Amino acid sequence: MATPGKKGKKDGKRQMPAKTSFTSPFSPQWSPLPQEDMHFILNILKKKVISTGLEKKEVKVFRPWRKKKGQTPSDPVPEVSQDTCKDPESSRGGWTDVGARKQLAIGINEVTKALERNELKLVLVCKSVKPKHMTDHLITLTATRGVPACQVPQLSRSLSEPLGLKSVLALGFRRCDCRDDEVFADTVEAITPRVPSLDVTWLQGVTLKRPADLEQEVVCEAKGQKRKLENKSEVTETDATSCTLMPLKVKRVVANPAKKRKVKS
């Protein structure tokens, strides 16, 4: 017990938990896409998906429920139609064309992983993503890797139905080793010139090369070091005076500063 003249530990004020972080001076945003280019991209994507017949089919298989304790054996049990048993292919679910599906990255998570591995050559993001910051990290990923990317309105509405999905928030096209095996090569070549360039503040004045155009590197067997095949004269050096430093501010976030408790309903 605490003495009457001194305050106990519970009576003293507790320190409010706070998180300290630096505020980013940059606010990356998607470049606006003209309406004509938007309709062109949506039409060519929809026609290509329909022509390839790429679709995810989900077949609901009947599974009889287990008998409950109070259920009598006289209760009727629904029977499975014989038509479904005759066609084993119709009962299978999944993608109709697995090879074409492997050349695509569908969804924000799949596109993010493919960008980190430098596997994509074009990225399209739906504009109706909520919350909007879910796709902000794709701006820096595509800009640093030299992959053309843009935000397309009504992308999910146009492609979700022909693909048999609930939504398509992000779509990426993978690179293939053999060009003859690429299903979406003509689609990517038609869309890429209409994709606006991304304006990233910290990459101004820096010339980035796309992963397909990167220099080949050969590992020396004797020294174990990498040797570039390109000439040194082709390497572009950036001027240090073109880069401008932005101020940073310390942000202190306090959770529930007014100490308001939620009323239980």
Side-chain angles (χ1 to χ4, degrees), residues 28-31 33 37-38 41-42 44-46 48-49 51-56 94-160 162-200 202-203 206-217:
Q29 294 180 354
W30 293 99
S31 301
L33 184 68
D37 296 340
M38 179 197 74
I41 293 173
L42 292 178
I44 196 173
L45 283 175
K46 197 171 183 178
K48 187 64 177 180
V49 170
S51 63
T52 54
L54 182 63
E55 185 182 1
K56 186 177 182 181
W95 293 94
T96 54
D97 191 349
V98 181
R101 173 62 181 88
K102 289 182 179 179
Q103 298 182 17
L104 296 177
I106 303 175
I108 298 175
N109 293 338
E110 193 173 345
V111 169
T112 303
K113 292 178 182 179
L115 278 173
E116 291 173 350
R117 299 169 184 170
N118 290 331
E119 296 177 353
L120 301 184
K121 55 183 178 180
L122 177 65
V123 174
L124 301 176
V125 179
C126 185
K127 192 176 182 180
S128 59
V129 177
K130 292 183 181 179
K132 294 183 178 180
H133 63 79
M134 288 178 62
T135 57
D136 287 348
H137 67 283
L138 296 178
I139 302 176
T140 55
L141 280 174
T142 53
T144 52
R145 283 153 179 80
V147 178
C150 68
Q151 200 175 42
V152 183
Q154 302 178 6
L155 179 67
S156 180
R157 187 188 303 177
S158 302
L159 295 182
S160 59
L163 286 174
L165 300 174
K166 293 182 180 179
S167 62
V168 181
L169 300 182
L171 182 65
F173 297 88
R174 300 181 189 270
R175 294 191 305 274
C176 298
D177 298 334
C178 183
R179 187 173 177 81
D180 297 335
D181 298 338
E182 291 188 9
V183 181
F184 303 96
D186 53 346
T187 306
V188 174
E189 291 178 357
I191 294 176
T192 302
R194 296 176 178 265
V195 175
S197 59
L198 293 174
D199 185 15
V200 182
W202 61 87
L203 292 178
V206 180
T207 56
L208 294 174
K209 294 185 178 181
R210 296 183 181 179
D213 303 332
L214 289 176
E215 300 171 350
Q216 297 180 353
E217 295 181 351

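Sequential numbering from 1 along the given sequence is applied to the chain's residues. Quick caveat, the model's predicted, so the values are computed rather than measured.
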Nearest 0.5 Å, what's the [atom1]-[atom2] distance between [X] and [Y]?
X: Glu119; Y: Glu110; atom1: CD; atom2: CD; answer: 9.5 Å
X: Lys166; Y: Ser160; atom1: NZ; atom2: OG; answer: 11.5 Å
X: Thr142; Y: His137; atom1: OG1; atom2: NE2; answer: 10.0 Å
X: Ile41; Y: Ile44; atom1: CD1; atom2: CD1; answer: 9.0 Å
X: Leu169; Y: Asn109; atom1: CG; atom2: CG; answer: 10.0 Å
X: Cys150; Y: Leu33; atom1: SG; atom2: CG; answer: 5.0 Å

With [X], which residues qualify under side chain to side chain donor-acceptor pair (under 3.5 Å), at least two apart?
X: Glu182; value: Lys121
X: Glu55; value: none
X: Asp136; value: none
X: Arg194; value: Asp37

Is any side-chain heavy atom of [Y] closer than 4.5 Å to one of [X]?
X: Ile139; Y: Leu198; answer: yes
X: Leu45; Y: Leu124; answer: yes
X: Val168; Y: Cys126; answer: no

[X] versus [Y], closest heavy-atom pair with distance:
X: Ser31; Y: Asp199; result: OG-N, 4.0 Å
X: Thr192; Y: Pro148; result: CG2-CG, 4.0 Å
X: Gly53; Y: Thr96; result: O-OG1, 2.6 Å
X: Leu138; Y: Val125; result: CD1-CG2, 3.9 Å
X: Pro162; Y: Val49; result: CB-CG1, 4.0 Å
X: Ser156; Y: Ser167; result: OG-CA, 3.3 Å

Are any side-chain N or O atoms of Arg174 and backbone N or O atoms of Leu120, one a donor and one an acceptor, separated by less than 3.5 Å?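 Not a single qualifying donor-acceptor pair exists.
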Show your reasoning for whether side-chain contact (heavy atoms from CB on, under 4.5 Å) applies to Leu155 and Lys127. CA-CA 7 Å; Leu155 179 67; Lys127 192 176 182 180; over 6 Å; no
Quick one: side chain to side chain contact (heavy atoms under 4.5 Å, CB included) partners of [X], sequence neighbours excluded?
X: Thr140; result: Trp202
X: Pro193; result: none
X: Lys102; result: Val98
X: Leu104; result: Leu54, Arg101, Ile106, Leu171, Phe173, Phe184

Under the salt bridge (charged side-chain N to carboxylate O under 4.0 Å, His left out) test, which residues partner Lys48, sequence neighbours left out? Asp186
